[in-house]
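The shown structure was predicted, so the numbers you read here are calculated from the model rather than taken from an experiment.
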Amino acid sequence: MTPNPPLTDQETLLIEAYQRILNDPFEDKYEDRWQDEPFDKAIEEFKARALEIGFAEPLDILKRYRVESYDAVRQQHKKGPAMCFRPGWKSDLLGQLIDAVALVAKCHYVSGPKFTGEGRVVVLDFWASWCDPCVQSGPELSDLADEFEGRISVVGINNESIFGETNPGDVDKLNEFLDDHREGFRYTIYIDNDEGHAKETVYNPGGYRGIPCVILLVDGIVTYVGSPQENFRPVLEHTLNFVEAGARREE
């Protein structure tokens with residue numbers, strides 16, 4: 001898969017209308033809280049707004065983002081988000097020990113400083129080049145790697161088939177992508193091996209069903225599993241303060 005082309009101004013307005021009318025009001029209305037009538041009204045409101053913007057068939061645009069039909073959106077809302085996206089979710093991987101050096105030893109090195117296990121705090125970033133949020137979070141993680149240089153190691157693990165049957169990675173194709181996004185991906189990058197070792201032994205057991213997904217390790221112990229785009233920076237800062245305060249007490 002390749003990243004979606006840039007949105008036109010009209011398409012941006014359409015996506016904003018979709019989020020405001022058909023998505024955001026129903027995010028917490030799943031399972032026994034669901035009612036069809038408000039959603040039916042929302043569909044008509046969205047169609048009218050789409051027509052105002054200039055789209056008689058808005059689904060033609062939304063299908064780029066896997067929105068196949070209004071009924072599919074309805075069924076997804078009724079089902080609700082995966083457990084990992086619900087309030088209070090905690091990964092089963094928390095508290096578990098991961099040998100990051102052994103993990104990347106089974107992956108293929110691509111770019112950035114090679115990871116040798118230095119430092120007590122490690123950020124593992126699972127991502128794919130076709131994932132727009134991953135491409136957006138790359139610069140943010142690069143900035144964190146620069147800002148906290150010497151205090152953390154940020155290690156990206158690319159897997160283009162992270163949600164489906166594992167396919168061998170293509171290092172040449174990934175390098176082409178990185179050549180075009182070098183400034184956004186300045187941290188260490190590996191590609192998962194042909195068997196999907198990192199995916200099968202770390203990402204899947206983590207239970208977070210989205211990418212980008214970061215896994216924060218302190219002395220190899222998992223302390224955070226989730227998105228790098230939400231509340232990760234304060235979590236990382238708190239972790240560093242805790243680790244470094246403990247080190248000072250031991251001096």
For this session: Measure the shortest side-chain to side-chain distance between Val67 and Ile61 over non-hydrogen atoms and say whether it is less than 4.5 angstrom.
Result: no
Exercise. How far apart are the closest heavy atoms of Cys213 and Val225, and which atoms are they?
Worked result: SG-CG1, 4.2 Å
For this session: Could you tell me whether Arg233 and Glu140 make a salt bridge, using a distance below 4.0 angstrom between a side-chain N and a carboxylate O?
Result: no
Exercise. Rounded to the nearest 0.5 Å, how far apart are CG of Leu62 and CG of Leu14?
Worked result: 5.0 Å
Exercise. Are any non-hydrogen side-chain atoms of Tyr70 and Pro58 less than 4.5 angstrom apart?
Worked result: yes
For this session: For the pair Glu200 (side chain) and Glu195 (backbone), establish whether a donor and an acceptor sit closer than 3.5 Å, ignoring hydrogens and angles.
Result: no
Exercise. Would you say Gln229 and Pro133 make side-chain contact, with heavy atoms under 4.5 Å?
Worked result: yes
Seminar exercise, completed: So ring pair (Phe, Tyr, Trp, His ring centres under 6.0 Å) across residues 89-109, not counting sequence neighbours, yields Tyr109-Tyr190
Problem set entry | Separation of Asn231 CG from His238 NE2 (nearest 0.5 Å) | 12.0 Å
Problem set entry | With sequence neighbours excluded, residues passing side-chain contact (heavy atoms from CB on, under 4.5 Å) with Gln75 | Asp71, Lys78
Exercise. From Glu237 CD over to Arg151 CZ, what is the distance, rounded to the nearest 0.5 angstrom?
Worked result: 8.5 Å
For this session: Let me see the working for Val110 and Asn158 under side chain to side chain contact (heavy atoms under 4.5 Å, CB included), right down to the final yes or no.
Result: CA-CA 10 Å; Val110 180; Asn158 171 274; over 6 Å; no
Problem set entry | Test item: Glu176 and Asp180 side chains (from C-beta on) under 4.5 Å apart, heavy atoms | no
Exercise. Can you name the residues that form a ring pair (Phe, Tyr, Trp, His ring centres under 6.0 Å) with Tyr203, not counting sequence neighbours?
Worked result: Phe126
For this session: Kindly give the heavy-atom pair with the smallest separation between Gly207 and Cys84, and that separation in Å.
Result: O-CB, 3.5 Å
Seminar exercise, completed: Applying side-chain contact (heavy atoms from CB on, under 4.5 Å) to Glu149 and not counting sequence neighbours gives none
Seminar exercise, completed: Interatomic distance, NE2@His197 vs CG@Asn159, rounded to 0.5 Å, equals 12.0 Å
Problem set entry | Ile15 side chain near Tyr65 side chain, heavy-atom distance below 4.5 Å | yes
Exercise. Hey, is the main chain of Phe39 close enough, under 3.5 Å, to the side chain of Arg74 for a donor-acceptor pair?
Worked result: no
Exercise. Can we say Lys41 and Glu44 salt-bridge, meaning some charged N sits less than 4.0 Å from an Asp/Glu carboxylate O?
Worked result: no
Exercise. Got a donor-acceptor contact below 3.5 angstrom from the Glu118 side chain to the Thr116 backbone?
Worked result: yes
Problem set entry | Rounded distance (nearest 0.5 Å) linking atom CZ of Phe115 with atom SG of Cys107 | 11.5 Å
For this session: Can you label the angle between the His77 ring and the Trp34 ring as parallel, tilted or perpendicular, going by 30° and 60°?
Result: parallel
For this session: Report yes if the side chains of Asn204 and Arg209 come closer than 4.5 Å at any heavy-atom pair, otherwise no.
Result: yes
Seminar exercise, completed: Test side chain to side chain contact (heavy atoms under 4.5 Å, CB included), reference Leu217, set Asp219, Ile221, Ile215, output is Ile215
Exercise. Is there a donor-acceptor contact under 3.5 Å linking the side chains of Glu160 and Ser129?
Worked result: yes
Exercise. Are the side chain of Ser161 and the backbone N or O of Asn167 linked by a donor-acceptor pair below 3.5 Å?
Worked result: yes
Problem set entry | Side-chain donor or acceptor of Thr188 paired with backbone N/O of Pro113 under 3.5 Å | yes
Problem set entry | Nearest-0.5 Å distance that lies between atom CZ in Phe185 and atom CG in Asp179 | 13.0 Å
Exercise. Can you list the steps and then say if Glu45 with Arg20 is a side chain to side chain contact (heavy atoms under 4.5 Å, CB included)?
Worked result: CA-CA 11 Å; Glu45 180 185 351; Arg20 177 175 57 82; 4.1 Å; yes
Exercise. Passes salt bridge (Lys or Arg N to Asp or Glu O under 4.0 Å), Asp192 versus Lys199? Steps please.
Worked result: CA-CA 7 Å; Asp192 207 353; Lys199 165 186 166 181; over 6 Å; no
For this session: Indicate yes or no: does Arg64 engage Glu11 in a salt bridge with an N to O separation below 4.0 Å.
Result: yes
Exercise. Donor-acceptor pair, Ser142 side chain versus Arg186 backbone, under 3.5 Å?
Worked result: yes
Exercise. Taking C-beta and beyond as the side chain, do Leu141 and Asp143 meet within less than 4.5 Å on heavy atoms?
Worked result: no
Exercise. By ring pair (Phe, Tyr, Trp, His ring centres under 6.0 Å), which residues pair with Tyr224, not counting sequence neighbours?
Worked result: Phe232
Exercise. Any chance the side chains of Asn23 and Glu27 put a donor and an acceptor closer than 3.5 Å?
Worked result: yes
For this session: Would you please indicate if the ring centroids of Phe177 and Trp127 are separated by under 6.0 Å?
Result: yes
Problem set entry | Validation row: Lys29, Gln35 side chains within 4.5 angstrom (heavy atoms) | no
Exercise. What's the verdict on side chain to side chain contact (heavy atoms under 4.5 Å, CB included) for Ile157 and Ile191, showing C-alpha distance, side-chain angles and the deciding distance?
Worked result: CA-CA 5 Å; Ile157 300 178; Ile191 190 169; over 6 Å; no
For this session: Take Glu16 and Thr12 through the test side chain to side chain contact (heavy atoms under 4.5 Å, CB included) and record every step on the way to the result.
Result: CA-CA 6 Å; Glu16 290 174 351; Thr12 298; 3.6 Å; yes
Identify each donor-acceptor pair in which a side-chain atom of residues 91-100 lies under 3.5 Å from a protein atom, sequence neighbours left out, and give them as a table.
{"unit_1": "Ser91", "atom_1": "OG", "unit_2": "Leu93", "atom_2": "N", "d": "3.0"}
{"unit_1": "Ser91", "atom_1": "OG", "unit_2": "Gly206", "atom_2": "O", "d": "2.6"}
{"unit_1": "Asp99", "atom_1": "OD1", "unit_2": "Val101", "atom_2": "N", "d": "3.2"}
{"unit_1": "Asp99", "atom_1": "OD1", "unit_2": "Ala102", "atom_2": "N", "d": "3.0"}

Exercise. Is Arg86 close enough and on-axis enough to Tyr30, meaning under 6.0 Å and within 45°, for cation-pi?
Worked result: yes
